[in-house]
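Each remark here refers to the structure printed beneath this line.
First listed ligand is number 1; within each ligand, the first listed atom is number 1.
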Amino acid sequence: MSRAVAEPRLDNRTYYDDFAGWYERDRHLPYHRMLDDLEVDLVARYGTNKDVLEVGCGTGLILDRVTQFAGRATGVDLSGGMLAPAAARGLAVAQASATELPIKTASVDVAYSFKVLAHVPDIRGALAEMSRVVRPGGWVLAEFYNTRSLRRLVKWAKPPSAISAQTDDEAVYTRYDSAEDIRGYLPPDLRWVTSRGIRIVTPVAQVHRVPVLGALVRKAETVLADLPGARDLGGFLVVCARKT
Ligand SMILES: C[S@@+](CC[C@H](N)C(=O)[O-])C[C@H]1O[C@@H](n2cnc3c(N)ncnc32)[C@H](O)[C@@H]1O
């Protein structure tokens, strides 16, 4: 069953505009590098030399790497504050909601979204939009926060973390979903083909900073990410769905 965490105190645009200045602060750390690497690697499988769209591209950290191998890469995000660094990187980005993409129907091969859809209340609307813009035979790579994960357990036990001088990570709408929930959100023209589980065994991010242990955990995460059974327990569950 899907679960939203508490009542959101801020709407998404206000929250991310406020977060923008802090967003890249920790991204060079090994834990965040691992998440980004596993996500970019997945996009490379489906999007090399293809037209791709990132939904919720934020400051463009992922999109910047995807432009190196995609045929054409564009991004959309709700927050002007998050988009400013993406535009400064020279990326092709536009300000819009995931539920109303300013993109032509059937115009890209892959639409992907990481760490975004769990914050979108109208998840069916967002997935229908991602499907609309993908060409028949193309792919939607959609990442969810997984109810059945160690990450979910740890988040439960932990106090909120600051995301800026003003607010914390529990101020925004956040939903955790099971695989069954996600299947129920997919529009009829999207078929779940496979998935990747990201952050399966990492108890806390700091583990990745411990010499030797950090490297071992990263290795384990890389091996488990595509392993049937194990991948279902990823804190971040990326569904790879094909447009019919
Ligand atoms: C945690 S950040 C992830 C950014 C990027 N995908 C990454 O992995 O670095 C979440 C992003 O989702 C964007 N976002 C939240 N709700 C959105 C919506 N309804 N439509 C488009 N973008 C949204 C936020 O503005 C923010 O930039």
Side chain, backbone, both or neither: A126 near ligand 1, heavy atoms under 4.0 Å
neither

Atom 8 (O) of ligand 1 - nearest protein heavy atom and its distance:
K115 NZ, 2.7 Å

Ring center gap for Y23 and H32 short of 6.0 angstrom:
no

If you measure every N/O of G56 against every N/O of ligand 1, is any gap under 3.5 Å?
yes

Checking the N or O distance criterion of under 3.5 Å, is ligand 1 in contact with L61?
no

May I ask which of Y23, Y15, Y16, F19 has a heavy atom nearer to atom 3 (C) of ligand 1 than the others do?
Y23

If you measure from each non-hydrogen atom of E54 to ligand 1, which part falls under 4.0 Å: side chain, backbone, both or neither?
side chain

Within the 4.0 Å heavy-atom shell around S97, which atoms of ligand 1 are there?
19 (N), 20 (N)

Residue part near ligand 1, for H119, under 4.0 Å between non-hydrogen atoms:
neither

Rounded distance (nearest 0.5 Å) linking atom CG of L237 with atom OH of Y176
13.5 Å

Salt bridge present between R132 and E129 (N-O < 4.0 angstrom)
yes

Distance alone, cut at 3.5 Å: any donor-acceptor contact between the side chains of E221 and T202?
yes

Protein residue, atom and distance nearest to atom 14 (N) of ligand 1, heavy-atom basis
V116 CG1, 3.9 Å

Which atoms of ligand 1 are found less than 4.0 Å from any heavy atom of S79?
25 (O)

For ligand 1, does A96 get within less than 4.0 Å through its side chain, its backbone, both, or neither, judged by non-hydrogen atoms?
backbone

Within the side chain of D189, is there an N or O that forms a donor-acceptor pair under 3.5 Å with the backbone of T244?
no

Counting C-beta onward and ignoring hydrogens, is there a side-chain heavy-atom pair between I182 and W192 closer than 4.5 Å?
yes

Looking only at distance, does C57 have an N or O less than 3.5 Å from an N or O of ligand 1?
no

Which residue and heavy atom of the protein sit nearest atom 16 (N) of ligand 1, plus the separation
N12 ND2, 2.9 Å

Look at D109 together with R72 and state whether they make a salt bridge at an N to O cut-off of under 4.0 Å.
no

Please report which non-hydrogen protein atom sits nearest to atom 23 (C) of ligand 1, along with the residue it belongs to and the distance in Å to one decimal place.
L78 CB, 3.7 Å

Protein heavy atom at shortest distance from atom 27 (O) of ligand 1
D77 OD2, 2.7 Å

Can you tell me how the ring of Y145 sits relative to the ring of F236, calling it parallel under 30°, perpendicular over 60° and tilted otherwise?
perpendicular

Do K115 and D36 sit within salt-bridge range, that is, some charged N less than 4.0 Å from a carboxylate O?
yes

Hey, which atoms in ligand 1 end up nearer than 4.0 Å to a heavy atom of V120?
19 (N)

pair L213-V207: side-chain heavy atoms closer than 4.5 Å:
yes

Could you tell me the residue and atom name of the protein heavy atom closest to atom 20 (N) of ligand 1, and the distance to it rounded to 0.1 Å?
A98 N, 2.8 Å

Looking only at N/O atoms, are F114 and ligand 1 under 3.5 Å apart anywhere?
yes

Point-to-point distance, once rounded to the nearest 0.5 Å, from CG of L61 to CD of E24
4.0 Å

Nearest-0.5 Å distance that lies between atom CG in D232 and atom CG in L227
9.5 Å

So is I62 in contact with ligand 1, going by heavy-atom distances below 4.0 Å?
yes

Side chain, backbone, both or neither: the part of R27 lying under 4.0 Å from ligand 1 by heavy atom:
side chain

